[in-house]
Amino acid sequence: MIRVLFVCLGNICRSPTAEGMFRRLLEEAGLADRVEVDSCGVGPWHVGEAPDPRARRAATRRGLDIDGLRGRQLEAADFECFDYLLAMDEDNLAALQAQCPPECRAHIDLFLAFAGLPDTPVPDPYFGGEQGFEDMMDLLEAASRGLLDSVRERLEASS
Ligand code: 4NP
């Protein structure tokens, strides 16, 4: 089993959408039972909340259903449980690096590195309009496809 955690600030816009997007790619690839996916926020403000309505609408437009997800905050156990902890922007990445215990062997990086875009954030769409959510979907989809390739290679190497 490979475990992937998507991380943003509030866990109501970018990371739950990434979770829904990547889960669908796994299902399409027939790998849903070999990869576990979750998301969280580095901040506490939206714990227990459903994704932002604008993220849910953007997801629906692409055939994804993220309505059932609920916000949670990053916790220490995540560094033991997950193989990949993928941050949406540099601030989220810095929070991961600051909290990561020295023995942690997880792959911690910006998510868009998997879209061939190193050092590039998924811009926070929270304070903007609907177009920001559409742009977010394009970035998340590109990175999800790259991540699927990486996960597939790992699974093949371990089988
Ligand atoms: P997210 O977006 O990190 O993609 O979930 C945000 C959600 C909430 C806030 C900021 C960003 N906030 O300031 O409450």
Side-chain angles (χ1 to χ4, degrees), residues 2-27 32 35-101 104 106-148 150-151:
I2 290 180
R3 295 182 175 85
V4 177
L5 182 66
F6 296 107
V7 183
C8 64
L9 180 60
N11 195 210
I12 54 167
C13 296
R14 293 165 292 176
S15 65
T17 311
E19 178 182 345
M21 173 79 70
F22 190 56
R23 192 168 276 145
R24 184 174 67 189
L25 290 190
L26 289 169
E27 283 162 8
V35 184
E36 214 171 273
V37 190
D38 196 5
S39 65
C40 70
V42 299
W45 311 285
H46 300 285
V47 169
E49 289 181 21
D52 186 284
R54 296 164 296 172
R56 287 155 60 183
R57 282 197 293 275
T60 301
R61 286 195 288 275
R62 302 212 184 188
L64 303 176
D65 180 359
I66 59 169
D67 292 0
L69 300 180
R70 292 294 176 268
R72 78 163 177 91
Q73 190 173 9
L74 177 71
E75 52 193 59
D78 292 327
F79 292 97
E80 291 167 33
C81 295
F82 289 93
D83 302 291
Y84 294 83
L85 291 92
L86 300 174
M88 297 297 144
D89 64 35
E90 303 87 339
D91 290 340
N92 317 148
L93 182 61
L96 286 175
Q97 287 164 341
Q99 295 178 51
C100 179
C104 175
H107 181 111
I108 297 177
D109 202 354
L110 288 174
F111 184 34
L112 289 190
F114 286 99
L117 297 168
D119 308 319
T120 310
V122 179
D124 184 350
Y126 185 70
F127 294 105
E130 297 276 334
Q131 186 57 44
F133 285 82
E134 279 303 304
D135 297 343
M136 171 188 81
M137 296 298 302
D138 291 337
L139 293 169
L140 295 180
E141 187 161 351
S144 293
R145 293 192 185 283
L147 177 61
L148 181 64
S150 170
V151 161

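Whatever order the structure lists them in is the order used to number ligands and atoms, beginning at 1. Just so we're clear, the structure is a prediction, and the values are computed from it rather than from any experiment.
- Residue Asp52 does not touch ligand 1, judged by heavy-atom distances below 4.0 Å.
- If you look at Tyr126 next to ligand 1, the close heavy atoms, those under 4.0 Å, all belong to the side chain.
- Geometrically, ligand 1 and Phe127 share no nitrogen or oxygen pair separated by less than 3.5 Å.
- Checking Phe82, Phe114, Phe79 one by one against His107, the ring-ring contact (aromatic ring centres under 6.0 Å, His included) holds for a single residue, Phe114.
- Nearest to atom 1 (P) of ligand 1 among the protein's heavy atoms is Cys8 SG, 3.5 Å.
- In terms of modelled atom types and a separation under 3.5 Å, the side chain of Asp83 and the main chain of Arg3 share a donor-acceptor contact.
- Taking 4.5 Å as the limit, some side-chain heavy atom of Tyr84 sits within range of a side-chain heavy atom of Ile2.
- Atom 2 (O) of ligand 1 has its closest protein heavy atom at Asp124 OD1, 3.3 Å.
- Residue-level proximity to ligand 1 for Leu9 is carried by backbone and side chain together, each with a heavy atom below 4.0 angstrom.
- Set against the non-hydrogen atoms of His46, the atoms of ligand 1 under 4.0 Å away are 8 (C), 12 (N), 14 (O).
- In summary, the atoms of ligand 1 found under 4.0 Å from a heavy atom of Cys13, numbered by their order in the structure, are 1 (P), 2 (O), 4 (O), 5 (O).
- Taking a cut-off of under 4.0 Å to the non-hydrogen atoms of Gly10, the atoms of ligand 1 that pass are 1 (P), 3 (O), 5 (O).
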